[in-house]
Amino acid sequence: MNIFRLAGDLSHLLAIILLLIKIWKTRSCAGISGKSQILFAVVYISRYLDLVTTFVSVYNTVMKLVFIVSSVATLYMMYVKFKATYDHNHDSFRIEFLLVPCFVLALLIHAAFTPLEILWTFSIYLEAVAILPQLFLVSKTGEAESITSHYLFALGSYRALYLLNWIYRYYAEGHYDLIAIFAGAIQTILYCDFFYLYITKVLKGKKLQLPA
Amino acid sequence: IDEEEGHDEL
């Protein structure tokens with residue numbers, strides 16, 4: 001564990017907590033893509049199946065459980081409890097266009113052809129693009145509430161910090177995982193446009209609004 | 001991947 005990895009994990013945790021607080025406090029999931037949240041739940045569940053086969057550390061186990069439980073709780077809030085506030089019409093991204101190619105890619109490019117490893121690889125590829133429905137929703141409505149912007153910033157920062165962690169681990173431990181590094185770089189690149197808007201608008205107290 | 005330890009990151 002190094003400072004980049006810890007900061008990345010905490011940023012990820014912060015993102016999830018921000019999202020749950022936003023939905024709970026405003027009693028609304030307006031502006032949040034249920035499609036992205038479905039993809040994140042699929043990511044965590046398919047990646048953390050190793051909870052039952054491999055013990056890494058208490059920290060690792062607790063974080064995995066938190067990510068799975070919070071993603072399912074978010075889905076419950078969006079599709080059951082605050083269903084009426086969910087923005088169906090704008091959240092029209094077709095997730096099968098992400099799910100199927102990621103699964104096929106995982107079957108083709110992986111470290112080992114075992115069910116758990118294929119699912120882990122699938123989750124890594126899927127996580128890289130899981131935010132696309134959310135970014136698509138923001139682009140369709142042309143704006144995002146400030147707490148939604150903070151959520152996206154924390155979520156994007158997490159993988160960017162992991163990139164630093166992987167650079168550190170390569171030099172410090174000789175450890176590297178090309179699949180995770182490649183997907184993590186794609187994931188971070190997808191947020192760049194949003195990072196720019198966040199820094200130039202939201203941090204200056206303005207609402208995140210896209211030019212018409 | 002390390003056969004013994006699996007994936008140690010989140």
Greater than 12 external heavy atoms within 6.0 Å of [X]'s [atom1]:
X      : atom1 : value
A:F103 : CZ    : no
A:L65  : CG    : yes
A:Y79  : OH    : yes
A:Y59  : OH    : yes
A:Y168 : OH    : no
A:D193 : CG    : no

Query raised in the report: Hey, are the side chains of A:I124 and B:H7 touching, using non-hydrogen atoms and a 4.5 Å cut-off?
Result: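 In short, these two side chains do not touch, never coming nearer than 4.5 Å.
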Query raised in the report: Looking at B:L10 and A:Y158, what are the two nearest heavy atoms and their distance?
Result: O-OH, 4.3 Å
Requested in this report: Tell me, for A:Y48 versus chain B, whether the close heavy atoms (under 4.5 Å) come from the side chain, the backbone, both or neither.
Outcome: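 Just the side chain, heavy atoms under 4.5 Å.
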**Report entry** chain B contact via A:N60 - side chain, backbone, both or neither, heavy atoms under 4.5 Å
**Finding:**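 Answer is both: backbone and side chain atoms of A:N60 are under 4.5 Å from chain B.
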Requested in this report: With rounding to the nearest 0.5 Å, note down the distance linking CG in A:D177 to CD in B:E9.
Outcome: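 So the gap between those two atoms works out to 7.5 Å.
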Report task. Output yes when B:D8 and A:R169 qualify as a salt bridge under the 4.0 Å nitrogen-oxygen rule, no when they do not. Result ->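 A salt bridge is present here (some side-chain N lies under 4.0 Å from a carboxylate O).
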Report summary line: Most heavy-atom pairs under 4.5 Å with chain B, out of A:Y162, A:Y44, A:F67, belong to A:Y162
Query raised in the report: Do you know which of A:R5, A:R47, A:H12 has the most heavy-atom pairs under 4.5 Å to chain B?
Result: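 So the answer, after comparing A:R5, A:R47, A:H12, is A:R5.
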